[in-house]
Structures are given as C-alpha cells and as structure tokens.
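FYI, side chains are in, hydrogens and waters are out, and symmetry mates aren't considered; it's all heavy atoms of this structure.
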Amino acid sequence: IINVARTVLQQHGKQLTEEALKASIGKPPLEAWQSTMDVVGLTSEQTTAAELYRRSEDKLEGLWHEANYLPGAVRLIHHLRAHAGLKIGLATSTPRAVLAKKTRNKPLLQQCFDAVVCGDDEDLHGKGKPDPACFLKVCRQMEVDPAACVVIEDAPSGLIAAVHAG
C-alpha cells in the first residue's frame, strides 16, 4: 500500500513522508488521503482526496492477491479461537468492498471473525478511527464488554479508538 501511495504522490511531484504516513494510517481512505494532501502540500486545485483514492485503488486492485499474511497472524487467531474460546472481531476503516477484495483469496481470514465492522458501514456515519464507534459496534455484535477486550492494532488512530472504546 505504501509503495502505491508513493507512486500516486510522485505523479504530483510529491514524496510520501513519515509525517504523512503517521497522519493518515488507520483512517478511512478519503480521510487518509486528505491528511496526506495536507501534510505534503497538495491543494484542492491540484487534485482531490477522492481522485488520489481512485488512483490508488486502481493500482491496488491487481496487487491484493500478492499480499501475504503477517508471520504468525493466522496461527495466533486460530489458536485463540480453538484453545481459549475467544471471540474475534475485526474493526477496520477499510470499506467493505475493499475488504472483500483483500480477503478474496484468503479463506483462512474469511473464516476467523465472529464480527466484522467496516469504515463505510452506514450506522457509523463516516466516523473512522480514532472515533471508537467501530470498536463499540464490533463489541455489540459479539455481545462482549469493551473493557474485557484485547485490541491488536497497526495504527496510532486505532489505538486511540480502542482506548476510547473502553
């Protein structure tokens, strides 16, 4: 994803910086692209977040099948389900259609979640991380108290959302 973002920004003469990554990671796509634009100095006269998102999705569409599982991730999830009897939910800022593309060739991922909440779910009203709404919704779907949950996150905005969820 990062390489695709770099390529899209280079088409506008901009570089993907660490600051832009920190500002955007974990957010819903349009919000992430807007944060990136703000940090790297792209203006609405030059392009839009929606256009950058479209360009990146066009490039990513052909790459999702190449994405590998993180080492140990699937084993950990299945171990927790089988031996600890834990419920496992996914709360992602990713739109549902994109998640379907990402997991299309990954049956192990398709089978391991008791609840899935995506950033474009209508009842979230566009509230992406760091808003806790996605975590609270996945907890409701699994009928678990947010305070009894362990969250594994890959983005600072997700950690903030998890803490605010309880």
Side-chain angles (χ1 to χ4, degrees), residues 1-70 73 88-106 109-110 113 115-142 146 149-166:
I1 293 174
I2 292 172
N3 288 335
V4 168
R6 281 192 181 107
T7 300
V8 169
L9 287 174
Q10 286 170 351
Q11 293 169 347
H12 291 278
K14 302 292 182 179
Q15 297 296 315
L16 182 63
T17 64
E18 284 296 317
E19 184 183 359
L21 274 173
K22 287 179 185 175
S24 62
I25 196 163
K27 292 181 178 177
L30 289 177
E31 236 180 272
W33 275 114
Q34 187 59 58
S35 295
T36 300
M37 287 176 62
D38 294 344
V39 171
V40 302
L42 272 175
T43 66
S44 58
E45 289 80 34
Q46 295 169 295
T47 190
T48 65
E51 177 61 19
L52 295 175
Y53 176 54
R54 185 195 61 75
R55 286 186 187 174
S56 64
E57 282 305 306
D58 287 350
K59 293 180 184 316
L60 288 168
E61 178 104 20
L63 299 175
W64 290 129
H65 69 281
E66 295 176 12
N68 294 319
Y69 296 114
L70 291 176
I88 299 178
L90 174 65
T92 179
S93 293
T94 300
R96 197 164 291 276
V98 175
L99 180 64
K101 291 174 189 175
K102 288 180 175 181
T103 60
R104 183 178 328 157
N105 297 320
K106 300 194 172 30
L109 274 182
Q110 293 170 3
F113 298 110
V116 176
V117 173
C118 291
D120 61 347
D121 287 0
E122 283 187 29
D123 56 337
L124 294 181
H125 308 289
K127 295 178 188 168
K129 298 172 188 174
D131 189 288
C134 61
F135 285 120
L136 294 171
K137 180 179 177 182
V138 84
C139 288
R140 282 191 306 274
Q141 288 181 355
M142 294 188 305
C149 293
V150 172
V151 174
I152 299 172
E153 249 305 334
D154 64 346
S157 60
L159 292 174
I160 293 167
V163 169
H164 288 156

Worksheet item: So, do Val98 and Trp64 sit near enough that their side-chain heavy atoms are less than 4.5 Å apart?
Response: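 With C-beta onward as the side chain, the pair touches.
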Discussion item. Could you work out, with side-chain contact (heavy atoms from CB on, under 4.5 Å) as the rule, every residue matching Cys118, not counting sequence neighbours?
Written reply: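 Cys118: side-chain contact (heavy atoms from CB on, under 4.5 Å) contacts with Thr92, Arg96, Leu99, Val116, Asp120, Asp121.
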Worksheet, complete the sentence: Residues at least two apart in sequence or cross-chain that pass side-chain contact (heavy atoms from CB on, under 4.5 Å) with Ala50, listed by chain then number, are Leu30, Thr48
According to side-chain hydrogen bond (donor to acceptor under 3.5 Å, both in side chains), who are the partners of [X], at least two apart in sequence or on a separate chain?
X	answer
Asp131	none
Arg140	none
Asn105	none
Gln46	Thr43

Scan the side chains in residues 152-166 for donor-acceptor partners under 3.5 Å anywhere in the protein, sequence neighbours excluded, and list what turns up.
| from | atom 1 | to | atom 2 | distance (Å) |
| --- | --- | --- | --- | --- |
| Glu153 | OE1 | Ala155 | N | 3.2 |
| Glu153 | OE2 | Lys129 | NZ | 2.7 |
| Ser157 | OG | Ile25 | O | 3.1 |

At their closest point, which heavy atom of [X] faces which heavy atom of [Y], and how far apart are they?
X	Y	result
Gln110	Thr103	NE2-O, 2.5 Å
Tyr53	Pro29	CE1-CB, 3.2 Å
Met142	Ile88	SD-C, 3.6 Å

Worksheet item: Rounded to the nearest 0.5 Å, what separation is found between the NZ atom of Lys137 and the CG atom of Leu124?
Response: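 Rounded to the nearest 0.5 Å, the NZ-CG separation comes to 5.0 Å.
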Worksheet item: About how many Å separate CG of Leu52 and NZ of Lys14, when rounded to the nearest 0.5 Å?
Response: 12.0 Å
Worksheet entry | Flag, side chain of Lys106 to backbone of Tyr69, donor-acceptor distance under 3.5 Å |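 Here the side-chain-to-backbone pair does not exist.
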Discussion item. Looking at Ser93 and Gly26, would you say the former's side chain and the latter's main chain have a donor-acceptor pair under 3.5 Å?
Written reply: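 The answer is yes, because a donor-acceptor pair under 3.5 Å joins these two groups.
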Discussion item. Can you pull out every side chain to side chain donor-acceptor pair (under 3.5 Å) where at least one residue sits in residues 26-35? Sequence neighbours excluded, please.
Written reply: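 Counting only pairs at least two positions apart or across chains, the side chain to side chain donor-acceptor pair (under 3.5 Å) contacts touching residues 26-35 are Lys27-Ser35, Trp33-Ser56, Gln34-Asp38.
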Worksheet item: salt bridge (Lys or Arg N to Asp or Glu O under 4.0 Å): which pairs involve residues 44-60, sequence neighbours left out?
Response: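 Residue pairs with at least one partner in residues 44-60: Glu51-Arg54, Glu51-Arg55, Arg54-Asp58.
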Side-chain donor-acceptor pairs under 3.5 Å in residues 15-23, sequence neighbours left out?
| from | atom 1 | to | atom 2 | distance (Å) |
| --- | --- | --- | --- | --- |
| Thr17 | OG1 | Ala20 | N | 3.0 |

